[in-house]
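Throughout, protein chains are lettered first and strands after them, A, B, ... in sequence-line order, and every chain is numbered starting at 1. Source: prediction; values computed, not measured.
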Number of protein chains: 2
Amino acid sequence: MPAESRDKILNAAEARLLVGGPAGLVLDAVALDAGISKGGLLHHFPSKEALVGGLCDRMLERFEEEMASLCAADPETTGAWTRAYLASTVTGDGKPADNSAQLMAGILATMGRDSVHLEKVRQHFVRWHARLEDDGIDPTIATLVRLAADGLWLSALLGLQQIDPAASQHLLGELRDMTRPAR
Amino acid sequence: MPAESRDKILNAAEARLLVGGPAGLVLDAVALDAGISKGGLLHHFPSKEALVGGLCDRMLERFEEEMASLCAADPETTGAWTRAYLASTVTGDGKPADNSAQLMAGILATMGRDSVHLEKVRQHFVRWHARLEDDGIDPTIATLVRLAADGLWLSALLGLQQIDPAASQHLLGELRDMTRPAR
DNA sequence: GAAAACCGACCGTCCGGACGGTATAAACCA
DNA sequence: TGGTTTATACCGTCCGGACGGTCGGTTTTC
């Protein structure tokens with residue numbers, strides 16, 4: 001089964017994207033890093049687009065898993081999804097929770113706005129947002145929290161760290177409080 | 001004076017970036033669109049990087065102007081900057097206020113995260129955020145509003161329109177109310 | 001022995017930008 | 001005043017490297 005090679009390739013591609021941005025995602029280099037030949041790479045992913053698609057799918061899948069486990073771990077079901085979204089987007093100190101920001105940016109930049117893969121991302125977002133609006137709390141609040149989380153995520157993506165840690169922590173606290181069941 | 005050609009080039013480059021993304025930003029094509037030769041283009045912008053830099057500067061400049069005029073037009077000074085940020089980021093119906101999102105994305109994608117130009121963007125953000133924290137309203141609120149605006153902007157950038165217009169309008173209203181002087 | 005996995009040389013295209021021009025006009029000089 | 005230099009704007013060809021993808025092979029696996 002090729003799953004092992006596939007993963008090695010995906011890992012290498014992801015690493016490349018994270019350090020070198022879209023320009024760093026070069027088939028030769030990815031193959032080299034993955035310890036495979038270019039031909040081998042092309043055997044698993046017949047085109048660069050397919051490779052990016054693989055990256056995209058894996059990212060989505062991981063995010064989905066993380067959301068599920070965070071939700072499961074939350075003792076309070078009301079607002080759990082919203083809290084999970086917040087938590088899986090940014091950490092306590094306002095940093096991005098994972099490298100999804102860089103990854104997403106890379107994926108986005110590698111292929112245009114019209115790509116099939118972006119469409120998949122959109123569909124996931126639609127689902128997530130539906131879930132958000134049915135989280136047991138005021139949908140407007142939930143949306144607000146989500147947007148703020150996205151804003152934080154964007155800040156991290158652009159490398160804007162102008163919001164100082166203390167303020168950021170305070171804000172995160174507020175946001176979390178907003179997701180608690182209505183008093 | 002070369003200002004005229006410069007602007008034509010910048011306009012062409014911007015248009016290219018908007019419709020074709022980073023991949024559409026090709027010197028030959030930009031020169032063609034601008035009605036100038038490639039050599040002529042290179043005369044005004046010695047490198048592609050310089051061209052992107054020009055685009056970046058102009059975008060920042062325009063944003064700055066818009067913020068100033070919005071602030072000046074607001075009868076209530078308290079929270080005016082925060083409101084201006086909100087307004088110049090997204091329109092009433094949750095669409096991005098201008099093409100800054102696409103533009104920024106293109107710029108970002110064309111050059112890596114380490115570029116000089118991105119550094120300029122960062123510095124502007126630092127100033128904006130300082131301004132935001134001294135806007136006469138609770139800084140946490142101001143930050144929250146700003147982040148939500150950024151979130152909305154990001155949604156628009158990714159082409160996620162899953163937040164329906166009515167809800168979006170309601171949310172925008174709430175955000176605006178938050179920027180009013182404390183009751 | 002056939003299919004799947006993998007190899008790596010090769011090709012074609014695209015694109016940034018170097019370079020050696022030309023045209024216009026202002027600045028300088030006699 | 002007329003010639004010469006110099007600066008600026010602009011032209012368009014050419015080059016060279018980078019990169020995605022093809023293809024005819026070889027090896028591994030079942």
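Taking 4.0 angstrom as the limit, A:His44 places none of its side-chain polar atoms (N or O) nearer than this to OP1 or OP2 of C:dA5. A close approach under 4.0 Å does occur between a side-chain nitrogen or oxygen of A:Ser5 and OP1 or OP2 of C:dC6.
Summarising the geometry of A:Leu103 relative to A:Glu14, their closest heavy-atom pair is CD1-CD, 3.9 Å, with the distance given to 0.1 Å.
With sequence neighbours excluded, the residues forming a side chain to side chain donor-acceptor pair (under 3.5 Å) with A:Glu49 are A:His117, listed by chain and number. When the side chain to side chain contact (heavy atoms under 4.5 Å, CB included) test is applied to B:Asp74, the partners found at least two apart in sequence or on another chain are B:Glu76, B:Ala80, B:Arg83. Residues forming a side chain to side chain contact (heavy atoms under 4.5 Å, CB included) with B:Glu119 (at least two apart in sequence, or on another chain): B:Arg122, B:Gln123. Every residue meeting the side chain to side chain contact (heavy atoms under 4.5 Å, CB included) condition with B:Asp57, not counting sequence neighbours, appears here in chain and number order: B:Lys120. The ring pair (Phe, Tyr, Trp, His ring centres under 6.0 Å) test applied to B:Phe45 returns no partner, not counting sequence neighbours. The ring pair (Phe, Tyr, Trp, His ring centres under 6.0 Å) check on B:His170 picks up nothing, with sequence neighbours excluded. For the side chain to side chain contact (heavy atoms under 4.5 Å, CB included) test, residues two or more places apart in sequence or in another chain that qualify with A:Arg131 are A:Trp81.
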For residues 21-35 of chain A, which side-chain N or O atoms pair as donor and acceptor with protein atoms under 3.5 Å away, sequence neighbours left out?
{"from": "A:Asp28", "atom 1": "OD1", "to": "A:Lys38", "atom 2": "NZ", "distance (Å)": "3.2"}
{"from": "A:Asp33", "atom 1": "OD2", "to": "A:Arg16", "atom 2": "NE", "distance (Å)": "3.0"}

Before you tell me yes or no, could you show the steps for B:Arg146 and B:Glu133 under salt bridge (charged side-chain N to carboxylate O under 4.0 Å, His left out), namely the whole-Å CA-CA distance, both residues' side-chain angles and the distance that decides it to 0.1 Å? CA-CA 11 Å; B:Arg146 182 211 131 175; B:Glu133 290 201 309; over 6 Å; no
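In this structure, B:Ser168 contributes its side chain and B:Asp164 its backbone to no donor-acceptor pair below 3.5 Å.
Among B:Thr143, B:Thr179, B:Asp135, the one residue that satisfies the side-chain hydrogen bond (donor to acceptor under 3.5 Å, both in side chains) test with B:Thr82 is B:Asp135.
In this pair, A:Trp128 and A:Tyr85 present their aromatic rings perpendicular. The plane angle is above 60°, beyond the 30 to 60° band.
A heavy-atom distance below 4.0 Å to DNA chain C is reached by none of the residues of residues 51-59 of chain A. Using a 4.0 Å cutoff on non-hydrogen atoms, the parts of residues 23-30 of chain B near DNA chain C are B:Leu25, B:Val26, B:Leu27, ordered by number. Within residues 35-43 of chain B, the residues that place at least one heavy atom under 4.0 Å from DNA chain D are, in residue-number order, B:Ile36, B:Ser37, B:Gly39, B:Gly40, B:His43.
Counting to the nearest Å, the P atom of D:dT22 and the NZ atom of A:Lys48 are 15 Å from each other. Protein atom CZ of B:Phe45 is 20 Å distant from nucleotide atom P of C:dC15, rounded to whole Å.
Comparing the local axis fitted to the first five base pairs of the helix from C:dG1-D:dC30 to C:dC29-D:dG2 with the one fitted to its last five gives a bend of 10°, rounded to 10°.
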